Colleague: 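Submitted below is the structure of interest, expressed as structure tokens.
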Amino acid sequence: MPSLANNPIGLRLTMGGAALAAALAAPCAGAQSASSLYMPRAIKETYVKGTHTMDGRPGAAYWENHARYTMTVSAMPPDRTIRGTEQIVYQNNSPDTLRALVIRLFINIHKPGAPRDGGAAADYLTSGVHIDTFAVNGAPTPWRDSPQVFTWQPVRLATPLTPHDSVRLRFDWHYEISKRAGREGMLDSTTYYLAYFYPRVSVYDDYNGWDTMDFTDLQEFYSDFNDYDVTVDVPPNYVVWGTGTLADPSADLLGDALRRFQSSFRSDTTVHVASGADIGAGKITAQHPVNHWHFTARDVPDVAFALSNHYDWDAASVLVDDAAHRRASVQAAYNDTAADYHHMVGFAHHALDWLSHDWPGVPYPYEKSTVVQGSADMEYPMMVNDGSTPDTIFSRFVVEHEIAHTYFPFYMGINETRYGFMDEGWATTFEYLINVANMGQQRATEFYQQFRVNGWINDPSPAEDLPIITPGDELRRAYGNNAYGKPSLGYLALKDLLGDATFKRALHGFMDRWHGKHPIPWDFFNTVNNVTGRDLNWFFKAWYFDNSYIDLAVRGVTRSANGYRVALENIGGMPAPVDIVVTYGDGTAGTFHQSPAIWQANLRTATVAVPARKPVASLRLEHGIWVDADTANDVWKR
Ligand SMILES: [Zn+2]
């Protein structure tokens with residue numbers, strides 16, 4: 001039923017044109033002309049309501065909703081049934097009375113007929129999640145799945161939830177874990193990955209109302225920051241890894257394993273906490289009929305868990321916050337046959353160290369990161385599900401990317417489902433920067449071109465030129481390049497334009513203002529303008545709001561008093577940095593870097609000075625990571 005996509009129970013927000021104009025014209029610090037960036041009407045309204053401000057900060061009226069989840073989850077392999085009892089206390093911090101809630105049931109993507117980005121193999125399909133009992137504020141309430149929607153369900157409240165009040169929901173549920181693991185499912189017959197698995201309250205926000213986007217397995221996350229208290233019940237000789245603090249390891253682990261696990265919190269080198277063989281042989285876990293693995297986490301956007309009776313378990317820790325002397329745990333769980341995973345704790349140790357100290361240069365915000373061998377190449381708060389490859393350089397490349405997601409979307413509360421470029425774009429940026437540190441500029445550039453941008457620049461289809469700001473759920477072919485490579489090129493071009501110190505100051509300004517909240521793209525653009533005191537909307541517009549690509553061309557070369565003037569044309573529209581590589585008549589060469597500043601006065605044409613004391617025989621453009629659609633127009637010869 002198409003109308004269901006139109007947010008049937010969302011709040012319609014309206015306001016008069018005069019109030020809107022007044023809010024957007026409000027004076028603010030720093031050079032600003034953010035109104036020159038396209039802004040959807042629903043987002044303009046947030047400035048009038050005062051939840052966002054035009055200098056890029058959260059407004060005085062900013063709010064977001066919060067919930068406390070208390071769950072017991074039972075998994076008893078090889079039985080495929082996962083059972084949960086769950087209580088949610090959902091706090092309405094909004095100024096709106098909520099007459100209904102939207103409950104997310106991601107697991108229903110496995111139901112036949114559910115809308116999906118791709119096809120579904122027979123062994124992917126299940127009957128979805130079954131709500132066995134449901135209660136609102138203690139009152140048993142019939143649960144009826146609407147046949148028209150799958151991964152979310154509206155629930156009308158008998159008593160509306162008024163501002164600043166909370167509602168208590170109680171679910172008993174079960175589902176059959178899918179045989180075909182993607183982002184979640186069975187990794188093998190006795191290794192399960194639980195993600196997207198529990199019923200939860202969808203996000204209600206200030207610009208979209210209830211989030212009723214179908215989960216199609218393309219977009220990833222948009223979640224409020226919640227508190228979790230989760231007990232995972234498993235048979236003895238199973239280890240559970242998951243988001244949050246393992247509340248009482250001594251309840252789950254036998255003496256020697258417990259001592260090795262605890263020593264890892266002081267060790268930079270990898271401690272082998274348990275071999276898969278020892279776990280299966282009864283040497284590692286408590287020998288109760290059922291072991292209760294109890295995890296707690298505060299202010300995190302989600303939780304995920306893995307359990308196995310035969311995965312190896314390694315751990316170490318790394319200093320992530322020098323000032324607070326805070327260490328974070330790094331762990332890996334894997335099949336002993338996965339050669340790359342024997343190095344995984346070392347890779348993760350390096351990633352947390354580098355991300356904390358270099359880019360973004362913000363102490364890793366959680367207490368741990370656990371990398372589990374699966375197949376998804378996918379991040380969760382404090383958890384990664386990555387495939388194994390024989391190529392350890394590629395394994396490290398992938399795990400660094402997934403751990404970088406700790407900052408975007410999780411720490412930053414990004415609405416990745418609509419604005420994937422605020423999440424994947426940053427993970428791809430940090431991935432490139434850590435690769436430069438790991439493997440040098442040239443190989444990092446080749447990696448970046450091969451995996452992130454060649455597919456885009458070599459595809460002339462109009463989908464690939466859709467503006468990056470296009471909501472992610474409206475994209476199909478262009479989704480990947482709009483989320484990863486293109487926005488990352490824009491962030492790295494901004495770094496080139498501003499210089500590292502100013503770029504980091506702007507990035508930190510954005511992160512300081514918005515971590516633990518829900519920033520929208522305009523908060524980033526406005527914060528950069530505000531922190532730098534510059535009006536960079538010409539740059540943001542060309543990179544993120546226009547139908548554009550990269551094609552720079554040389555249009556002419558003339559002599560000047562000090563050398564040459566090179567006329568450039570920006571055919572594609574993206575203001576990219578470029579190197580002018582000059583070959584002199586005597587065979588020697590020189591390189592002259594041009595930042596995107598050359599395109600500020602005129603986005604389409606620029607004339608740049610190339611100093612030269614001797615005659616130039618030829619010159620060409622060198623693009624590095626900012627790949628060019630047509631290099632035939634990049635060359636000039638005398
Ligand atoms: Zn990613």
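In each ligand, atom 1 is the first atom listed, and ligand 1 is the first ligand listed. One is the number of the first residue; the rest follow in order along the sequence. All figures in this text were calculated on a predicted structure; none of them were measured in a lab.
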Colleague: At the Zn ion (ligand 1), what is the angle formed between atom OE1 of Glu424 and atom NE2 of His401, rounded to the nearest 10°?
Modeller: 110°
Colleague: When you measure from the Zn ion (ligand 1) to each N, O or S atom of His405, which atom gives the shortest distance?
Modeller: NE2
Colleague: Does the ring centre of His66 sit less than 6.0 Å away from the ring centre of Phe225?
Modeller: no
Colleague: So, is Asp423 placed with an N/O/S atom under 2.8 Å from the Zn ion (ligand 1), counting both backbone and side chain?
Modeller: no
Colleague: Examine Tyr196 together with Phe221 and report whether their ring centres are nearer than 6.0 Å.
Modeller: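 Under 6.0 Å, so yes.
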Colleague: When rounded to the nearest 0.5 angstrom, what is the spacing between CG in Leu492 and CG in Leu433?
Modeller: 5.5 Å
Colleague: From the options Phe408, Tyr411, Tyr407, select the one residue that forms a ring pair (Phe, Tyr, Trp, His ring centres under 6.0 Å) with Trp426.
Modeller: Phe408
